[in-house]
Amino acid sequence: RQARTPVFAAFLLLLALGIAACQPNAQAALISPQLGEQLAAEAAGEQLVLQPTPAPLTFDQLTEEEVYAGVADDGLALLNNANPDNGQNIALANGCVGCHALDPAVQMSGPTWHNVADAASSRVPGQGPANYLWESILQPNAYVVSGYPADVMPQNYGELLSEDDLADMVAYLLTQHGN
């Protein structure tokens with residue numbers, strides 16, 4: 001029993017050292033597109049000033065112009081008269097909720113609709129969330145969300161939905177933010 005005590009103490013010491021070695025270094029360079037430049041500047045003795053990654057914009061931070069950026073005039077007129085409650089019914093009637101969940105804890109074959117307006121706000125630079133959602137319904141493979149395969153969403157919603165129904169759907173999806 002006495003022979004085991006030093007072995008056990010040595011084991012605990014090695015374990016503590018191993019855990020301490022795994023502690024992240026907040027000052028270490030992170031893998032990023034600028035890492036090569038940063039390492040070269042550091043090797044040259046230059047002072048590095050790193051900026052934090054900006055937080056993505058949320059829907060509530062956008063102006064009305066930014067929300068509708070990229071939407072054609074005829075689509076904008078439709079969206080101004082759209083009915084989000086009808087959009088929810090259209091989503092149910094067309095089976096959209098079979099692939100898209102409102103609960104962020106539920107993983108489905110399509111991206112979550114939980115806070116989809118927030119996600120759409122910064123998905124494509126220069127494009128407003130209304131236009132992004134509009135195009136994502138009509139051309140689902142134009143911008144495929146990372147982690148999801150292409151060619152899963154039906155490609156024929158432009159034929160199945162009237163323009164009014166499409167505007168109602170987009171208006172409904174734009175209400176999904178800040179939750």
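Side-chain contact check for Pro129 versus Leu174: some heavy-atom pair is nearer than 4.5 Å. For the pair Thr112 and His100, the minimum side-chain heavy-atom distance is 4.5 Å or more. Between His177 and Thr58, the closest side-chain pair of non-hydrogen atoms is not below 4.5 Å. Inter-residue side-chain proximity for Leu79 and Tyr68 is flagged as met; some heavy-atom pair is nearer than 4.5 Å. Between Gln176 and Asn115 the shortest side-chain heavy-atom distance does not fall below 4.5 Å. At a threshold of 4.5 Å between non-hydrogen side-chain atoms, the residues Pro140 and Gln155 count as touching.
Under a hydrophobic clustering in which Ile, Leu, Val, Met, Phe, Trp and Tyr are joined whenever their side-chain heavy atoms come within less than 4.5 Å, directly or via other members, Leu160 and Ile90 fall into the same cluster. Note on Val67: it clusters hydrophobically with Leu76, by side-chain heavy-atom contacts below 4.5 Å among ILVMFWY residues.
Rounding to the nearest 0.5 Å gives a distance of 11.0 Å between CD of Glu37 and CD of Glu46. Atom CE of residue Met108 and atom CH2 of residue Trp113 lie 10.0 Å apart, to the nearest 0.5 angstrom. Atom CZ of Arg123 is separated from atom OG of Ser136 by 8.0 Å, given to the nearest 0.5 angstrom.
Minimum interatomic distance between Leu78 and Glu163 (heavy atoms only, all atoms of both residues): CD1-CB, 3.5 Å. For the residue pair Gly126 and Ala69, the shortest heavy atom distance occurs at O-CB, 4.1 Å. A pairwise comparison of heavy atoms in Phe59 and Ala117 identifies CD1-CB, 3.7 Å as the closest pair.
A side-chain donor-acceptor contact under 3.5 Å links Glu66 to the backbone of Thr63. Here the side chain of Asn83 pairs no donor or acceptor atom with the backbone of Asp168 at under 3.5 angstrom. Checking side-chain atoms of Asn94 against main-chain N and O of Cys96 turns up no donor-acceptor pair under 3.5 Å.
Considering only residues two or more places apart in sequence or on other chains, Asn89 meets the side-chain hydrogen bond (donor to acceptor under 3.5 Å, both in side chains) condition with none of them. Scanning for side-chain hydrogen bond (donor to acceptor under 3.5 Å, both in side chains) contacts around Asn81 gives an empty result, with sequence neighbours left out. By the side-chain hydrogen bond (donor to acceptor under 3.5 Å, both in side chains) test, Asp118 pairs with no residue at all, sequence neighbours left out. His114 pairs by the ring pair (Phe, Tyr, Trp, His ring centres under 6.0 Å) definition with nothing, not counting sequence neighbours.
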Just distance, no hydrogens or angles: give the donor-acceptor pairs under 3.5 Å from side chains in residues 143-150, sequence neighbours left out.
from: Tyr148; atom 1: OH; to: Gln107; atom 2: NE2; distance (Å): 3.2

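Applying the side chain to side chain donor-acceptor pair (under 3.5 Å) test to every pair with at least one member in residues 126-135, sequence neighbours left out, gives these pairs: Gln127-Glu135, Asn131-Glu135.
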